[in-house]
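See structure below.
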Number of protein chains: 2
Amino acid sequence: MLSPSPNTDFVVSRTKPAAADIARTIVEELEAGEFVPGQRMVEADLCLRFGVGRQIIREALQRLNAYGVVAIEPNRGAHIIHVTRDEAVMTLELTELLFGLVSRSAARRVSAGCDSTRLSDAISELVASSETDDPAHYMRARRHLFAALSLIADNPELNRIMEQVRVHVMRAQFGFAAFRSGHAQELAEIGQTVLAGKSEEAEDLSRAYVRRIREFLQQI
Amino acid sequence: MLSPSPNTDFVVSRTKPAAADIARTIVEELEAGEFVPGQRMVEADLCLRFGVGRQIIREALQRLNAYGVVAIEPNRGAHIIHVTRDEAVMTLELTELLFGLVSRSAARRVSAGCDSTRLSDAISELVASSETDDPAHYMRARRHLFAALSLIADNPELNRIMEQVRVHVMRAQFGFAAFRSGHAQELAEIGQTVLAGKSEEAEDLSRAYVRRIREFLQQI
DNA sequence: TGTCAACAGATTGTCGACAATCTTGCGCCT
DNA sequence: AGGCGCAAGATTGTCGACAATCTGTTGACA
């Protein structure tokens, strides 16, 4: 009754959204606080919204479920998971360890002569963003720093998990208004420490960075 | 041409396997080394094997992909991920942090008066298994210990991730023959330390436990 | 009026069919 | 003989349809 031909007319060479893309889109919206915790994710609604069949939506929800941002109850459907402040604090406790490990591993790899141009670029971008004072610019630079560190650390399992945890951290920072831009300088310093190959120091700095966010969140 | 009626005849009150169960089954087989790294997971084959439609299999593969044990390439299908020894070592480096955090958190909760009967039971079971010297018994007890610790730690995100990493650790231990039963005593000690609420000590013991496995793996 | 059962609507679970894409082997041209 | 299309087979991607399950509401009965 709504779409007799979903994607035929003017969509000759469309790149195919596919489940992965939709999941990514939803994750981005989640990070931006688009969805209310507890909100039901009805498959049919999402079908209309993204113009695809239910199977696609289903796979996207499955992925979201694996990321832990959506809960799926049999025959009851999916809904956005509600995260309490205590849980967010616990997640940051975990993040502290993970980010520390990423930085330590990356620093070691740099010492071993790994390519680090991406990291240098990210650091430059961070420094630049601290001068323009544009939140979007800062967030992009921050993402690039994390990506560069993960790339250098080259630990598949760790990267996979960081990717998952990142979503939760973003949600927590948004949900509890614990987002303080202006950490650019601190992050740039972490990057430079990694670049210098000081693994112990890089780990300490990284953990301190996350710990401070956590303590700030705990005080609210 | 193969199954005109997949599950109608004598299957009046079957409990419905569903994707989650199939994914769990495959994970168990993976942990037992049933699949060869790189092996292709053709959907149609799995359909025949489990007697369900492709959608179910697809969702199961999706979940396996989220667990990081299966890679899915668009239009190319899914295959079992190959894990090198270095990657297994890196995963154990990560596990060291995670297990340490679980034990520390659990110990704190016990101090705060959390119910710990399940933990006591698991410890008893471990001690019993060390006397019978039955590998299956030991593994079951070990799993129960981890489950009890996770339950007490009560950190949703951490538990979710531990669950994912556990599969990799099991695969690594199986794949590299690094499986040494007889750690029952050591694990029981960790459990008792948690039970006593000594969080720092519990974390140290847990990390030492994983570290030793990692070092053993590195020496091969 | 309160409780419970049955019904209608909404939503999820699963399947079969067809389209799109990749792979492979064969034949043709140089 | 060697390389290059091209067709046939294999496999994945997506959709629509129907079955199963849940939920809320209405109405009958005590």
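Chain letters run A, B, ... following the sequence lines, proteins first, then strands; residues in each count from 1. When reading the values below, keep in mind they use all heavy atoms of this one structure, side chains included, and skip hydrogens, waters and symmetry mates.
- Following rounding to the nearest Å, B:L46 (CG) and D:dT11 (P) show an atom-to-atom distance of 12 Å.
- Partners of A:H137 by side-chain hydrogen bond (donor to acceptor under 3.5 Å, both in side chains), not counting sequence neighbours, listed by chain and number: A:T132.
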In a table with atom names and distances, give each donor-acceptor pair under 3.5 Å that connects a side chain of residues 63-74 of chain B to protein atoms at least two apart or in another chain.
none

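- Salt bridge annotation for B:D21-B:R24: present, with a cationic side-chain nitrogen under 4.0 angstrom from a carboxylate oxygen.
- What separates CZ of A:R58 from P of D:dA17 is a distance of 18 Å, to the nearest Å.
- No side-chain N or O of A:R85 forms a donor-acceptor pair with one of A:Q218 less than 3.5 Å apart.
- Using a 4.0 Å cutoff on non-hydrogen atoms, the parts of residues 34-45 of chain B near DNA chain D are B:R40, B:M41, B:V42, B:E43, ordered by number.
- Summarising the geometry of A:S206 relative to A:G100, their closest heavy-atom pair is CB-CA, 4.1 Å, with the distance given to 0.1 Å.
- Heavy-atom contacts from other residues, nucleotides or ligands closer than 6.0 Å to CZ of B:R160 number more than 12.
- If you take CD1 of A:I22 and C1' of D:dT14, they are 12 Å apart, rounded to a whole angstrom.
- A:R76 comes within contact range of the sugar-phosphate backbone alone, with a heavy-atom separation under 4.0 Å but no base atom that close.
- Taken residue by residue, residues 62-71 of chain A places no heavy atom nearer than 4.0 Å to DNA chain C.
- For A:Q55 and A:P74, each mapped to the nucleotide of DNA chain D holding its nearest heavy atom, the one lying further toward the 5' end belongs to A:Q55.
- To the nearest angstrom, C1' of D:dT12 lies 16 Å from CD of B:E59.
- A:I57 has its CD1 atom 15 Å from the P atom of C:dT11, to the nearest Å.
- When each of D:dT21, D:dT14, C:dT14 is scored by its nearest atom to the side-chain atoms of A:I56, the top-ranked nucleotide is D:dT14.
- Comparing the helix axis at one end of the helix from C:dT1-D:dA30 to C:dT30-D:dA1 with that at the other, each defined from 5 consecutive pairs, gives an inter-axis angle of 0° (nearest 10°).
- A:L98 is listed as a side-chain neighbour of A:L158, based on a closest heavy-atom distance under 4.5 Å.
- Closest approach of B:A88 to B:L217, counting heavy atoms only: CB-CD2, 3.8 Å.
- The base of D:dG13 sits within donor-acceptor range of the side chain of B:R54, with an N or O pair under 3.5 Å.
- When rounded to the nearest whole Å, the span between CD of B:E73 and C1' of C:dT23 equals 14 Å.
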### Task
Decide yes or no on side-chain contact (heavy atoms from CB on, under 4.5 Å) for B:M139 and B:M170, but give the supporting numbers first.
CA-CA 11 Å; B:M139 282 190 53; B:M170 295 296 288; 3.5 Å; yes

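- Counting heavy-atom neighbours within 6.0 Å of A:R211 CZ, excluding the residue itself, gives a total above 12.
- One interatomic measurement links the two molecules: CZ of B:F50 to C1' of C:dT14, which rounds to 17 Å at whole-angstrom precision.
- Not counting sequence neighbours, the partners of B:E93 by the salt bridge (charged side-chain N to carboxylate O under 4.0 Å, His left out) test are A:R104, A:R108.
- Atom NE2 in A:H79 sits about 15 Å away from atom P in C:dT11, given to the nearest Å.
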### Task
Go through A:E43 and A:R76 one step at a time and tell me if the salt bridge (charged side-chain N to carboxylate O under 4.0 Å, His left out) criterion holds.
CA-CA 11 Å; A:E43 297 177 0; A:R76 304 283 304 280; over 6 Å; no

